[in-house]
Amino acid sequence: MPSNQNPRSGPRQLPLTALPARFRRQRVLIVGCGDVGQRLLRLWRGAGQDLCTAGPNARGPLVRALTSSPQRVAGLRALGATPLLGNLDDARSLRRLAGLAQRVVHLAPPAQPQAGVLPPAATRDLRSRNLLRALVAKAGQAPHVVYGSTSGVYGNWDGEWVSETHALRASTARALRRVDAERQLRQWALRFGASGAAVHVLRIPGIYAGDREGGTPLGRLQRGTPLLRREDDVYTSHIHADDLARAVERALWRGRPQRVTNVADDSAMPMGDYFDLAADLWRLPHPERISLAQAEQQLSPTLLSFMRESRRLSNTRMRKELGVVLRYQTVHHGLQAAVYLVGSAGSAAAAD
C-alpha cells in the first residue's frame, strides 16, 4: 500500500499550502484586454500583486491576456500579464486556451457583421461561440467566466428603474448579439456545470473616464450635436471605467454562478441633463434641443437608437452581492475628475 494511503480513510489529501506555488495561485485569462481589462491589470498591480511570476512569494493571480495584435504584446507584458496571441474570429488560434485558466474575464464585443448579412446571422455572436468551444476542449476543465454584456439588452422601459429580473426587450442588432452571447454562456454553463463551468454576467451601461479614448462628452459638445428636448428626452445610466474594473474584479472572486448583475453608478438623469452638466463643467454652451421628429432627420441611426431607449439601472445587487464601493458615485463626481484630466475645452481642442 502506498505510504500516503490509509486503509480506512483512503488516499490522503495534501493541504492546499503543500502544493507548489504555481498550483496554489488562481490562473486568470482576460479576453478582450482593452481599456477596462488594462485597468483591471493596473488594479492588481497597484495592490502589489505579481501577475506573471510563479515564485513562492508571489501574490495575486497568474494572468494571461489574449490579444490578436502583436503590437500590443509589449504593453500587456508591461502591465504584468503574459500575452497570448489569438483571434476570436479564428477558432484554430484558440486551441491552446483549454485548461489554461480557472477564471476567465470575457470583455470582447461581438464582431460587426459584414455588409449584407441579415438576421438571424447578423444577431449572433460567433466570437463567444468560438471562445466557449475552446475553453472546454479538455474534459473536466471548465472555468468560471465573467462576461461583460450591455444594458442595451433591456431595450426601452420608458424611464423605469430596471433590475436584473426585468425582461429583455433588445431591438437593435447590436444588442441582440449581446442577448445571443448571454444565451450561449448560460447554455454552456448548464452543459458543463459538472466540470466546473459557471457564468456571471455584468450588464454595463455607458462607460466614461477622462483617460479613456472617447470617454467623455467633450467631443460631442464641441461638434454641437443636438439633444432631444425635455419632453422627448430619455434616461440613461453610466459607470466610470475605474469602477467597472472594480466590479469585474469583484465578480471574478465573489460573483454567484449563473447570475446577472447590473453595473451602474447612482446617477438617475436624462441624457440631456448629462450633456448640460458636462457643458457647464467645461464651460461650453448647452447643446441645442430638438424634437424626436427632427432628430430622426438630422442624426445617425446609431445615435438615434440610444435616443429611443429610456431606462434607469438599479445597482442594488452590485452593492449588496458584489460589495462594490463606487469611487465615482455619480457622473458629477466622474466628470469633475475628467475635466481635471482632460483640461479645459480650449486646451483639449489644442491638443487634438
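Quick caveat, the model's predicted, so the values are computed rather than measured.
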Let me confirm one number: the [atom1]-[atom2] distance from [X] to [Y], rounded to the nearest 0.5 Å.
X: Leu335; Y: Asp280; atom1: CG; atom2: CG; answer: 11.0 Å
X: Thr172; Y: Leu304; atom1: OG1; atom2: CG; answer: 12.5 Å
X: Arg319; Y: Arg317; atom1: CZ; atom2: CZ; answer: 15.5 Å
X: Arg64; Y: Leu29; atom1: CZ; atom2: CG; answer: 8.5 Å
X: Leu227; Y: Asp232; atom1: CG; atom2: CG; answer: 12.0 Å
X: Arg77; Y: Leu41; atom1: CZ; atom2: CG; answer: 13.0 Å

The residue among Glu309, Arg311, Arg203 that forms side-chain hydrogen bond (donor to acceptor under 3.5 Å, both in side chains) with Tyr154 is Arg203
Strictly distance-based, threshold 3.5 Å: is any side-chain N or O of [X] a donor or acceptor partner for the main-chain N or O of [Y]?
X: Asp243; Y: Tyr328; answer: yes
X: Asn130; Y: Leu88; answer: yes
X: Glu182; Y: Val179; answer: no
X: Ser93; Y: Asp90; answer: yes
X: Gln258; Y: Val199; answer: yes
X: Asn87; Y: Ser68; answer: no
X: Ser163; Y: Ser314; answer: no

Identify whether the distance between the nearest side-chain nitrogen and carboxylate oxygen of [X] and [Y] falls below 4.0 Å.
X: Asp180; Y: Arg129; result: no
X: Arg250; Y: Glu321; result: no
X: Arg39; Y: Asp211; result: yes

Heavy-atom side-chain contact between [X] and [Y] under 4.5 Å:
X: Leu221; Y: Pro287; answer: yes
X: His106; Y: Leu132; answer: no
X: Leu202; Y: Thr150; answer: no
X: Arg178; Y: Ser149; answer: yes
X: Val234; Y: Pro270; answer: no
X: Leu326; Y: Met318; answer: yes
X: Leu299; Y: Pro226; answer: yes
X: Gln336; Y: Val339; answer: no

On the ring face of Trp157, is Arg169 found with NZ or CZ under 6.0 Å from the centre and within 45° of the axis?
yes
Does Arg312 count as lying over the ring of Tyr235, i.e. NZ or CZ under 6.0 Å from the six-ring centre, within 45 degrees of the axis?
yes
Residues in salt bridge (Lys or Arg N to Asp or Glu O under 4.0 Å) with Arg127, at least two apart?
Asp89
Run the salt bridge (Lys or Arg N to Asp or Glu O under 4.0 Å) test against Asp158 and tell me which residues pass, sequence neighbours left out.
none
Under 3.5 Å side-chain donor-acceptor pair for [X] and [Y]:
X: Arg174; Y: Thr302; value: no
X: Ser69; Y: Thr67; value: no
X: Gln26; Y: Arg103; value: yes
X: Arg177; Y: Gln112; value: yes
X: Gln187; Y: Arg183; value: yes
X: Glu249; Y: Trp253; value: yes
X: His333; Y: Asp265; value: no

Please check if [X] and [Y] belong to a single hydrophobic cluster, counting links between Ile, Leu, Val, Met, Phe, Trp and Tyr side chain heavy atoms closer than 4.5 Å.
X: Leu341; Y: Leu277; value: no
X: Phe275; Y: Phe306; value: yes
X: Met271; Y: Leu281; value: yes

Can you name the nearest heavy-atom pair linking [X] to [Y], along with the distance?
X: Ala241; Y: Arg212; value: CB-CD, 4.4 Å
X: Ala264; Y: Asn315; value: O-ND2, 3.0 Å
X: Asp233; Y: Gly272; value: OD2-N, 2.9 Å
X: Ser151; Y: Leu313; value: CB-CD1, 3.6 Å
X: Val324; Y: Ala247; value: CG2-CA, 3.9 Å
X: Arg45; Y: Ala78; value: NH1-O, 3.3 Å

Are His200 and Tyr147 close enough that their ring centres sit under 6.0 Å apart?
no
